[in-house]
Amino acid sequence: MDKAGKTAALESLKGVFEESGAVVVTHYTGLSVAEMTKLRGMLRKDGAQLKVVKNTLAQIALEGKGGDEAKDMFQGPVAIAFSPDPVSAAKAADEFSKENSKLVIIGAVMGDQVLDAKGVEALAKLPSLDQLRGKLIGLIQAPATKVAGVVQAPAGQLARVVSAFANKDAA
């Protein structure tokens with residue numbers, strides 16, 4: 001890679017570390033092209049991406065985030081999975097690593113915090129941002145429907161009482 005290519009790759013990696021909710025670091029030794037394509041498809045479905053990185057460039061791009069612990073993760077054949085949502089990349093990578101033992105999750109970088117493999121697994125168990133939004137909207141709408149039901153109930157009861165008196169008088 002020439003100097004201009006390295007500069008462009010370094011700037012791209014800096015953007016990834018700045019804009020991503022979490023960057024999951026993995027070793028991909030032994031994965032075939034078909035398996036990598038399947039992994040990329042799973043990540044893309046969740047709004048995440050996978051990128052094979054050069055370790056020295058990734059260590060420079062970290063710019064001190066996570067300290068030496070984060071830099072130590074970048075050894076060997078490394079690919080990073082990242083997305084704006086911290087959960088999406090972790091969820092897809094964890095799911096794929098359970099299906100295929102050749103993908104090994106090393107850890108993750110979330111801002112200045114470094115997670116180990118167990119931390120990434122715990123992150124993968126959390127609901128995604130879209131799921132949280134759906135639950136929040138459901139919680140907001142639920143009280144409104146309950147209020148509407150409570151307000152309508154007395155009117156319905158009054159109508160049933162009047163109807164009962166009308167039926168009583170008619171009989």
For Ala9, side-chain contact (heavy atoms from CB on, under 4.5 Å) partners two or more places apart: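 Partners of Ala9 by the side-chain contact (heavy atoms from CB on, under 4.5 Å) criterion, ordered by chain and then number, come out as Met1, Leu57.
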Closest contact, heavy atoms only, Val109 versus Ala70: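 Smallest interatomic distance, heavy atoms only, reads CG2-CB, 4.1 Å.
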Minimum heavy-atom distance between Asp85 and Ser88, given as atom pair plus value: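 Closest approach of Asp85 to Ser88, heavy atoms only: OD2-OG, 2.9 Å.
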Cluster overlap Leu43 with Ile80, hydrophobic side-chain contacts below 4.5 Å: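 In one cluster: no.
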Where Ile105 and Ala117 come nearest, the two heavy atoms and their spacing: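 That closest heavy-atom pairing would be O-CB, 3.5 Å.
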Show which side-chain atoms of residues 26-36 pair as donor or acceptor with protein atoms under 3.5 Å away, not counting sequence neighbours.
residue : atom : partner : partner atom : Å
Thr26   : OG1  : Ala79   : O            : 2.8
His27   : NE2  : Gln75   : O            : 2.7
Ser32   : OG   : Glu35   : N            : 3.2
Ser32   : OG   : Glu35   : OE1          : 3.4
Glu35   : OE1  : Ser32   : N            : 2.8
Glu35   : OE2  : Asn100  : ND2          : 3.1

Single-linkage hydrophobic cluster Val53~Met73, side-chain heavy atoms < 4.5 angstrom: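 Same hydrophobic cluster.
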Gap separating the NZ atom of Lys91 from the CG atom of Leu126, nearest 0.5 angstrom: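 Reported to 0.5 Å precision, the distance equals 7.5 Å.
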Closest approach of Ser83 to Ala89 (non-hydrogen atoms, all atoms of both residues):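 Residues Ser83 and Ala89, closest heavy atoms: OG-N, 3.6 Å.
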Connected via hydrophobic side-chain network under 4.5 Å: Val114 and Phe17: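 Per the 4.5 Å side-chain linkage, Val114 and Phe17 are co-clustered.
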Crowding at NZ, Lys6 (>12 non-hydrogen neighbours, <6.0 Å):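 At most 12 heavy atoms, drawn from other residues, nucleotides or ligands, come within 6.0 Å of this atom.
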Lys38 vs Phe96, side chain to side chain contact (heavy atoms under 4.5 Å, CB included): CA-CA, chis, key distance, verdict: CA-CA 9 Å; Lys38 181 180 176 185; Phe96 187 82; 4.1 Å; yes
Nearest-0.5 Å distance, OG1 of residue Thr37 to CZ of residue Arg44: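 Between atom OG1 of Thr37 and atom CZ of Arg44 there are 8.5 Å.
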Point-to-point distance, once rounded to the nearest 0.5 Å, from CG of Asp94 to CD of Glu99: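 Asp94 atom CG to Glu99 atom CD measures 10.5 Å (nearest 0.5 Å).
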Considering all heavy atoms, the nearest Pro84-Gly47 contact: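 Shortest heavy-atom separation between Pro84 and Gly47 comes out as CD-O, 4.0 Å.
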N/O donor-acceptor pair under 3.5 Å between Lys54 side chain and Leu10 backbone: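 Not a single qualifying donor-acceptor pair exists.
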Single-linkage hydrophobic cluster, 4.5 Å side-chain cutoff, Leu115 and Val87 together: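 The answer is yes; both residues are in one hydrophobic cluster.
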Test log, rule side chain to side chain contact (heavy atoms under 4.5 Å, CB included), inputs Val78 and Ile106: CA-CA 9 Å; Val78 171; Ile106 304 303; over 6 Å; no
Where Ala90 and Ala124 come nearest, the two heavy atoms and their spacing: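 In this case the closest contact between Ala90 and Ala124 is O-CB, 3.6 Å.
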Separation of Leu136 CG from Arg133 CZ (nearest 0.5 Å):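 Going from CZ on Arg133 over to CG on Leu136, the span is 10.0 Å.
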hydrophobic_cluster_shared for Val104 and Phe74, side chain cutoff 4.5 Å: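 Phe74 and Val104: one cluster.
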